[in-house]
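The basis for the numbers below is simple: all heavy atoms, side chains too, and nothing from hydrogens, waters or symmetry mates.
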Amino acid sequence: MRILFLLIFILPFYKYSYAKDLSKRSIVDTVIESITKLEKQSSAISNFIADQAVDRQLLKKIFLNKNFKQLNYGNFETYKDNRSSNFNLHLSKIKFRDLEDDLFQDDIYLYYVVTNGTSPMAKTTSTYKNNQKGDSILLTPKDRQVFPLFEGLSNKTNGIIIDITIFESDGDDIEELRKITDIIIDLVFIAQQENKNSNNSNYTDTDLRVAIKTLAHLIAQRNNDDNLKTFSLDILQDNLNQLPKYKKFKKRIKGYNNGSRWEYILSFRSYLSDSI
């Protein structure tokens, strides 16, 4: 009787937690199922992929037999506050103090995902080629603009989270990988709509952000020639209030992987103003 009572008490919470976990993963499930069955179905996702003219075989290699369910990027709740600031952020330069691959020159591109109190937005930069240890790159004016992501968007915020991913590859397929990265956010939103129409699933900003980062992570797992570095900048209202009108700062990211050390130094500048 005691065991039965415990089951009755615990089961509703277990079901809720399990269902919530599944709802976060089902966006990725829908995208991957559509990709792996591309020739056998006609869905909004497969039609979109065909329109983008990406390499279907490469797309399948990336997402086939991947254990994406173990990836966990934590939670992010959008900061709520009535105050707002006119905030702008640029990533102007990257210095490669050390690269993971010491033998070959590497090509890199960046992927920004910005959550600003609404659904996430994303941007893929152009490719910067032939980088080696000790090199620095200056990002183009278009690529260096992190917030707002695109010219003409509002720069008002009361708290944002910015996910920055650096893709590094010494292979000859980086432009195709970049094309695939560029459509990740579209695939996520199409899958979100498909799931909402089929089973009335509702998704939070956190669900969408986790799905975007999960799919981006899988691209760099394709082979040993490709890897990524990712980090997040949490900028809440309290941080904004303490920022000067203009500020330069650096973010150092480093690690050890595949028997090799790597270290990047990213140079940012932020503005508190009505326009960039």
Side-chain angles (χ1 to χ4, degrees), residues 52 76 78-79 83-96 106-129 131 135-169 174-175 177-189 205 208-209 212-213 215-216 219-220 228-237 239-253 264-276:
Q52 297 302 306
F76 168 69
T78 305
Y79 190 77
R83 298 168 294 171
S84 64
S85 300
N86 297 315
F87 179 72
N88 307 278
L89 181 68
H90 284 180
L91 170 56
S92 56
K93 183 173 78 171
I94 304 175
K95 180 176 178 60
F96 304 102
D106 289 336
D107 300 338
I108 72 112
Y109 65 88
L110 295 92
Y111 187 58
Y112 308 136
V113 180
V114 175
T115 306
N116 183 34
T118 58
S119 296
M121 297 184 67
K123 179 170 77 175
T124 311
T125 71
S126 51
T127 304
Y128 296 84
K129 294 182 175 293
N131 301 290
D135 285 352
S136 295
I137 60 171
L138 294 174
L139 277 69
T140 67
K142 181 179 179 181
D143 289 344
R144 72 175 62 129
Q145 187 167 328
V146 181
F147 185 82
L149 267 185
F150 301 100
E151 198 70 46
L153 292 179
S154 171
N155 62 352
K156 289 187 177 296
T157 182
N158 60 4
I160 56 177
I161 186 167
I162 300 171
D163 299 307
I164 297 178
T165 301
I166 305 172
F167 287 85
E168 178 186 326
S169 175
I174 192 165
E175 289 302 331
L177 294 178
R178 181 183 169 276
K179 285 173 62 177
I180 293 172
T181 305
D182 202 33
I183 66 172
I184 285 175
I185 194 165
D186 299 286
L187 297 178
V188 166
F189 284 124
D205 293 345
L208 300 177
R209 175 175 169 256
I212 293 166
K213 293 189 72 175
L215 292 169
I219 290 178
L228 61 78
K229 282 76 181 172
T230 185
F231 64 95
S232 299
L233 296 174
D234 296 315
I235 304 172
L236 303 183
Q237 182 64 56
N239 305 124
L240 291 170
N241 292 338
Q242 297 173 9
L243 286 175
K245 188 85 169 178
Y246 175 86
K247 178 183 178 181
K248 289 184 177 181
F249 64 96
K250 293 183 179 181
K251 174 76 175 177
R252 184 188 304 266
I253 58 173
Y264 300 164
I265 300 175
L266 295 87
S267 298
F268 291 91
R269 54 183 183 235
S270 63
Y271 306 76
L272 289 178
S273 62
D274 292 334
S275 61
I276 296 176

Please work out which of the three classes, parallel, tilted or perpendicular, describes the rings of Phe249 and Phe268, given edges at 30° and 60°.
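Phe268 vs Phe249 ring planes: parallel.
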If you measure only the distance, is there a donor-acceptor pair under 3.5 Å linking the side chains of [X] and [Y]?
| X | Y | value |
| --- | --- | --- |
| Ser169 | Asp107 | no |
| Asn116 | Thr157 | yes |
| Tyr128 | Asp143 | yes |

Search all heavy atoms of [X] against all heavy atoms of [Y] and return the closest pair with its distance.
| X | Y | answer |
| --- | --- | --- |
| Ser85 | Leu272 | CB-CD2, 4.5 Å |
| Leu233 | Ile164 | CD1-CD1, 4.4 Å |
| Ser119 | Leu208 | OG-CD1, 3.9 Å |
| Val188 | Leu215 | CG2-CD1, 3.6 Å |
| Pro148 | Leu153 | CG-O, 3.7 Å |
| Pro120 | Ile212 | CB-CD1, 3.9 Å |

Find the distance between [atom1] ([X]) and [atom2] ([Y]) and round it off to the nearest 0.5 Å.
| X | Y | atom1 | atom2 | answer |
| --- | --- | --- | --- | --- |
| Leu89 | Lys247 | CG | NZ | 10.5 Å |
| Lys245 | Ser270 | NZ | OG | 11.5 Å |
| Gln145 | Asn88 | CD | CG | 7.5 Å |
| Arg269 | Lys93 | CZ | NZ | 11.0 Å |
| Leu139 | Ser92 | CG | OG | 8.0 Å |
| Asn155 | Ile160 | CG | CD1 | 10.0 Å |

Does any part of the side chain of [Y], heavy atoms only, come nearer than 4.5 Å to the side chain of [X], both counted from C-beta?
| X | Y | result |
| --- | --- | --- |
| Ile235 | Phe87 | yes |
| Tyr111 | Ile184 | yes |
| Leu110 | Leu91 | yes |
| Ile166 | Leu266 | yes |
| Lys129 | Ile174 | yes |
| Ser232 | Arg209 | yes |

Does Lys123 make a cation-pi contact with Phe150, if we ask for NZ or CZ under 6.0 Å from the ring centre and within 45° of the axis?
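Pair Lys123/Phe150 counts as cation-pi.
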What do the steps show when you test Asp106 against Phe96 for side chain to side chain contact (heavy atoms under 4.5 Å, CB included), and what is the final call?
CA-CA 11 Å; Asp106 289 336; Phe96 304 102; over 6 Å; no
Checking side chain to side chain donor-acceptor pair (under 3.5 Å) against Tyr109, which of Thr125, Thr127, Thr181, Asp182 comes through?
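Exactly one pass, corresponding to Thr181.
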Evaluate the side chain to side chain contact (heavy atoms under 4.5 Å, CB included) criterion for residues Gln52 and Lys179: first the C-alpha distance (whole Å), next the side-chain angles of each, then the deciding distance (0.1 Å), finally the verdict.
CA-CA 8 Å; Gln52 297 302 306; Lys179 285 173 62 177; over 6 Å; no
